[in-house]
*Asks:* 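Submitted below is the structure of interest, expressed as structure tokens.
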Amino acid sequence: MISTEQVTALRTLLTGNLDEHRLVIAEMDQTDGWSGYNELITAAFVEAVDRRFGARHTLPDLVEYVAEVRTRFPDPNRGIDPNVAERLIRKALGEGTVRGIDKKALIHTEGVLLVALIIDEQLDGAALDAFLAKARATADSFTG
């Protein structure tokens with residue numbers, strides 16, 4: 001089951017409240033509260049991708065979006081690999097695979113893209129809470 005603490009950790013990340021995010025993450029470290037957190041992030045990512053691209057997307061739409069997100073990170077060490085990003089978005093849309101991609105690269109890219117997608121949506125507090133509730137319910141169905 002996804003915990004309230006995990007939802008809080010993701011919410012603080014998505015709102016850019018990094019000091020609070022570090023505190024919640026530190027609490028999760030102390031309580032071994034990580035079980036299910038990756039599923040929560042993945043559920044949120046899939047939901048955000050679907051909201052952004054849905055059924056009416058083209059490959060050039062994805063390529064253009066990834067290129068635009070990459071411009072937000074002038075430091076190449078903090079950026080994302082476009083191939084990994086495009087494959088990850090396509091996988092979230094039910095196309096393709098991410099087989100053969102390093103797990104660390106997948107986690108990093110998924111996180112960066114999720115933050116970018118949520119920033120782009122400009123959700124108010126209530127809409128973000130509704131988004132996170134949906135992601136939590138989806139992730140709970142995975143961890144079950």
Side-chain angles (χ1 to χ4, degrees), residues 1-29 31 33-99 101-143:
M1 297 290 289
I2 303 303
S3 70
T4 300
E5 186 177 52
Q6 291 170 336
V7 174
T8 300
L10 184 53
R11 190 180 204 293
T12 59
L13 177 66
L14 296 176
T15 58
N17 188 347
L18 299 183
D19 290 337
E20 181 69 20
H21 180 71
R22 284 185 201 95
L23 290 173
V24 176
I25 293 297
E27 289 173 19
M28 287 171 56
D29 279 341
T31 62
W34 290 97
S35 179
Y37 188 63
N38 285 339
E39 288 81 359
L40 175 62
I41 291 173
T42 297
F45 177 72
V46 170
E47 176 65 19
V49 167
D50 186 58
R51 290 163 67 131
R52 170 70 187 225
F53 297 104
R56 294 174 290 179
H57 67 277
T58 64
L59 186 55
D61 293 337
L62 306 182
V63 171
E64 183 179 317
Y65 184 73
V66 168
E68 189 279 320
V69 169
R70 291 183 74 225
T71 66
R72 301 180 198 184
F73 301 95
D75 178 356
N77 294 326
R78 297 190 58 160
I80 55 174
D81 179 315
N83 179 52
V84 172
E86 291 162 16
R87 288 177 62 189
L88 195 55
I89 292 171
R90 290 185 69 212
K91 172 73 172 150
L93 292 166
E95 308 166 3
T97 180
V98 291
R99 273 189 223 121
I101 299 175
D102 175 70
K103 186 171 183 166
K104 186 175 179 181
L106 283 174
I107 291 169
H108 169 74
T109 304
E110 186 175 58
V112 169
L113 288 172
L114 176 57
V115 169
L117 288 160
I118 295 303
I119 287 171
D120 293 348
E121 246 191 282
Q122 300 180 349
L123 301 174
D124 65 17
L128 181 58
D129 289 341
F131 170 83
L132 289 169
K134 185 170 185 178
R136 182 181 193 172
T138 301
D140 275 338
S141 74
F142 296 153
T143 62

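Quick note: residue numbers are just sequence positions, from 1.
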*Asks:* Name all residues meeting the side-chain hydrogen bond (donor to acceptor under 3.5 Å, both in side chains) criterion together with D61; count only those two or more places apart in sequence or in a different chain, and write none if there are none.
*Replies:*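 Once residues adjacent in sequence are excluded, the partners of D61 under the side-chain hydrogen bond (donor to acceptor under 3.5 Å, both in side chains) criterion are T58.
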*Asks:* When you measure from the side chain of R51 to the backbone of I118, do you find a donor-acceptor pair of N or O atoms at a distance under 3.5 Å?
*Replies:*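 No; judged by distance alone, with no hydrogens or angles, the pair does not exist.
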*Asks:* I'd like to check L59 versus E86 (side-chain heavy atoms, cut-off strictly below 4.5 Å). Are they in contact?
*Replies:*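 In short, these two side chains do not touch, never coming nearer than 4.5 Å.
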*Asks:* Within the distance-only criterion (no hydrogens, no angle test), does the side chain of H108 pair as donor or acceptor with the backbone N or O of G79 below 3.5 angstrom?
*Replies:*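 Yes; at least one donor-acceptor contact below 3.5 Å.
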*Asks:* Please report the C-alpha distance between L132 and L14 in whole Å, then the side-chain angles of each, then the deciding distance to 0.1 Å, and finally whether the side-chain contact (heavy atoms from CB on, under 4.5 Å) criterion is met.
*Replies:* CA-CA 10 Å; L132 289 169; L14 296 176; 4.0 Å; yes
*Asks:* Backbone N or O of I2 within a donor-acceptor pair of the R136 side chain at under 3.5 Å?
*Replies:*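 Yes, R136 side chain to I2 backbone: donor-acceptor pair under 3.5 Å.
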*Asks:* Around atom CD of E68, are there more than 12 heavy atoms from other residues, nucleotides or ligands closer than 6.0 Å?
*Replies:*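 Check passes, neighbour count above 12.
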*Asks:* Answer whether the closest heavy-atom distance between the side chains of R11 and D129 falls below 4.5 Å.
*Replies:*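 With C-beta onward as the side chain, the pair touches.
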*Asks:* Side-chain contact test, heavy atoms from C-beta onward, threshold under 4.5 Å: evaluate it for D81 versus T109 and give yes or no.
*Replies:*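 They are not in contact (no side-chain heavy atoms under 4.5 Å apart), so the answer is no.
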*Asks:* Would you mind reporting whether E20 and L23 have side-chain heavy atoms less than 4.5 Å apart?
*Replies:*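 They are in side-chain contact.
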*Asks:* Between W34 and I25, is any pair of side-chain heavy atoms under 4.5 Å apart?
*Replies:*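 Side chain of W34 against side chain of I25, heavy atoms only: contact under 4.5 Å found.
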*Asks:* Less than 4.5 Å apart, any side-chain heavy atom of E47 and any of T138?
*Replies:*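 Result no, sub-4.5 Å side-chain heavy-atom pair not found.
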*Asks:* Report the distance from atom CD1 of I89 to atom OH of Y65, rounding to the nearest 0.5 Å.
*Replies:*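 The distance works out to 7.0 Å.
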